[in-house]
Every structure is written in C-alpha cells, then in structure tokens.
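Notes to accompany the following structure.
Note that the structure is a prediction, hence the values are computed from the model and not measured.
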Amino acid sequence: MKIFVFSDSHGNTQPMLNVLQQKRDECDFIIHLGDHCTDINCIGSIVGITPVIAVSGNNDFFSDLHEFPYDTTVEIAGKRLFICHGHKLAVKRDLSLLITAAKNKNCSIALFGHTHIPYVKTSDNISLFNPGSIGVFSGEKLSYGTITINNNNVKFEINEV
C-alpha cells in the first residue's frame, strides 16, 4: 500500500498533478493535509485515483467542515493514522499537542502540515510526518510525502518536486 501525502498546495495544483500523472501506477491512496484542501478534489478525479482524504487548514476559509474537518482518523493497511493540518494543535511551536491527539485517537501515525517544512521522526511511539509544501515557493523546494505500508513495516519518504 502506497499513500501519497500532500500539504499546503495553496491553489498551486500543477505540481500535484505532475506527480500523480507520473506516478499514478504507484499510488493507492491520496491524503491532503490542508491549506486549499479542495485542490485535491479535482486532482484525484483528473488522474483517476481514489480514495482521497483531505482536512481543512487555516487557509481553508470556505471549506465545508463536514466534508473537510480539521482532523480525522483513518485505518489503512492495519495502521491508524491521525490526519490534521496542525494549526489547531500549535505545530509551529512544538509537537506535544499533536502527539497527545494521536494517542487519544489510538493512532500510531500522525500526519500534519502547516509549517511547510518536511519532518519525519518518531516520538513517544508516534510516527510524526510532515511532507512539506507542494505549492508554496518560499525558498525551499516543493515536496510531498509517500508512506509505504507493507505488513507491519512502514516507510516514510520526503520527495522533492
């Protein structure tokens, strides 16, 4: 099972589209971590990849919170993932609230965005993963993440565009 994780596209959908068109055969699942979460709706349908999960970020002013909540949990290939943008959990300050939220939802993986900085680390038995930004040109390279789940093995990768 290979999951493609995008965050902070901010309306710049072309990088996501390019990645998914090139790697369509590798992708089983798409997750968007907010800040223009609706960008993923058109991308998933264009490249024909489902399922797609997205959450709202601090720049998703007009998103329907029933369709795109601030956080959600999902089980994929036997792993429980806590998915959020991270602004409501102060991830720019530290990750303690994110870790607590993931634990409270019985998740072993926490996905977050908001900082635009790629991050992969395990803390307090929670795998923390931020793919960086797929759409914001802030001096850093655009990036996205992949998570490969094979039986009990989980591999996290940051990929530059």
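Between the CG atom of Leu33 and the CG atom of Asp71 there is a distance of 11.5 Å, given to the nearest 0.5 Å. In this structure, the separation between OG on Ser7 and CG on Asn130 is 6.0 Å, given to the nearest 0.5 Å. Here the CG-OG1 distance, from Leu81 to Thr72, works out to 10.5 Å after rounding to the nearest 0.5 Å. To the nearest 0.5 Å, atoms CZ (Phe4) and CZ (Arg24) are separated by 11.5 Å. Atoms NE2 and SG, from His85 and Cys37 in turn, are 10.0 Å apart once rounded to the nearest 0.5 Å. Here the CZ atom belonging to Phe29 is positioned 15.0 Å from the OG1 atom belonging to Thr146, to the nearest 0.5 angstrom.
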Take Lys79 and Val154 through the side chain to side chain contact (heavy atoms under 4.5 Å, CB included) test and state the conclusion after the steps.
CA-CA 9 Å; Lys79 299 293 181 185; Val154 181; 3.6 Å; yes

Intermediate values then yes/no, side chain to side chain contact (heavy atoms under 4.5 Å, CB included), Ile147 and Leu111:
CA-CA 10 Å; Ile147 305 169; Leu111 307 181; 3.7 Å; yes

Check step by step if side chain to side chain donor-acceptor pair (under 3.5 Å) holds for Asn59 and His36.
CA-CA 7 Å; Asn59 286 304; His36 288 239; over 6 Å; no

Under the side chain to side chain contact (heavy atoms under 4.5 Å, CB included) rule, what do Ile126 and Lys103 come out as? Steps first, then yes or no, please.
CA-CA 8 Å; Ile126 304 293; Lys103 283 183 163 195; 3.8 Å; yes

Verify side chain to side chain contact (heavy atoms under 4.5 Å, CB included) between Val161 and Ser143, making sure each step is shown before the conclusion.
CA-CA 5 Å; Val161 177; Ser143 61; 5.7 Å; no

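Within a 6.0 Å sphere centred on CG of Asp94, other residues, nucleotides and ligands contribute more than 12 heavy atoms. Residue Lys105 qualifies as open at atom NZ: its count of foreign heavy atoms under 6.0 Å is 12 or below. Annotation for Asn104: atom CG counts as buried by contact number, over 12 foreign heavy atoms lying within 6.0 Å. Within a 6.0 Å sphere centred on NZ of Lys23, heavy atoms belonging to other residues, nucleotides or ligands number 12 at most.
Side chain of Asp35 to main chain of Asn58: a donor-acceptor pair is present (N/O by atom type, distance under 3.5 Å, no hydrogens or angles). Between the side chain of Asp39 and the main chain of Gly11, a donor-acceptor pair closer than 3.5 Å is present. Using a distance-only test at 3.5 Å, with no hydrogens or angles considered, no donor-acceptor pair links the side chain of Arg80 to the main chain of Ser108.
A donor-acceptor pair shorter than 3.5 Å cannot be found between the side chains of Ser133 and Asp8. There is a side-chain donor-acceptor pair under 3.5 Å between Asn18 and Gln14.
In this structure the side chain of Leu142 never reaches within 4.5 angstrom of the side chain of Phe6, judged on heavy atoms. Side chains of Ile31 and Val55 form no contact here, defined as non-hydrogen atoms less than 4.5 Å apart. Inter-residue side-chain proximity for Val136 and Asn12 is flagged as unmet; no heavy-atom pair is nearer than 4.5 Å. The closest side-chain heavy-atom distance from Phe129 to Ile158 is below 4.5 Å. When side chains are defined from C-beta on, Met16 counts as touching Ile40, because their heavy atoms get closer than 4.5 Å. Counting heavy atoms from C-beta on, the side chains of Leu128 and Phe112 come closer than 4.5 Å. At least one side-chain heavy atom of Phe82 sits less than 4.5 Å from a side-chain heavy atom of Leu89.
If you look at His32 and Phe68, their ring centroids are not closer than 6.0 Å.
Relative orientation of the His10 and His116 rings is perpendicular, given thresholds of 30° and 60° on the angle between their planes.
The heavy-atom pair separating Leu20 from Cys27 by the smallest distance is CD2-SG, 4.2 Å. In this structure, Gly145 and Asn159 approach most closely via the heavy-atom pair C-ND2, 4.0 Å. When all heavy atoms of Ile149 and Asn151 are compared, the closest pair comes out as CG2-O, 3.9 Å.
Cation-pi check for Lys88 over Tyr70 is met; the charged atom lies under 6.0 angstrom from the ring centroid and within 45 degrees of its normal.
Linking Ile, Leu, Val, Met, Phe, Trp and Tyr residues whenever their side-chain heavy atoms come within less than 4.5 Å leaves Leu98 and Val120 in two separate clusters. Ile99 and Ile83 end up in different hydrophobic clusters when Ile, Leu, Val, Met, Phe, Trp and Tyr side chains are linked at under 4.5 Å. Hydrophobic clustering places Ile134 together with Val52 (ILVMFWY residues linked when any side-chain heavy atoms are closer than 4.5 Å, directly or through intermediates).
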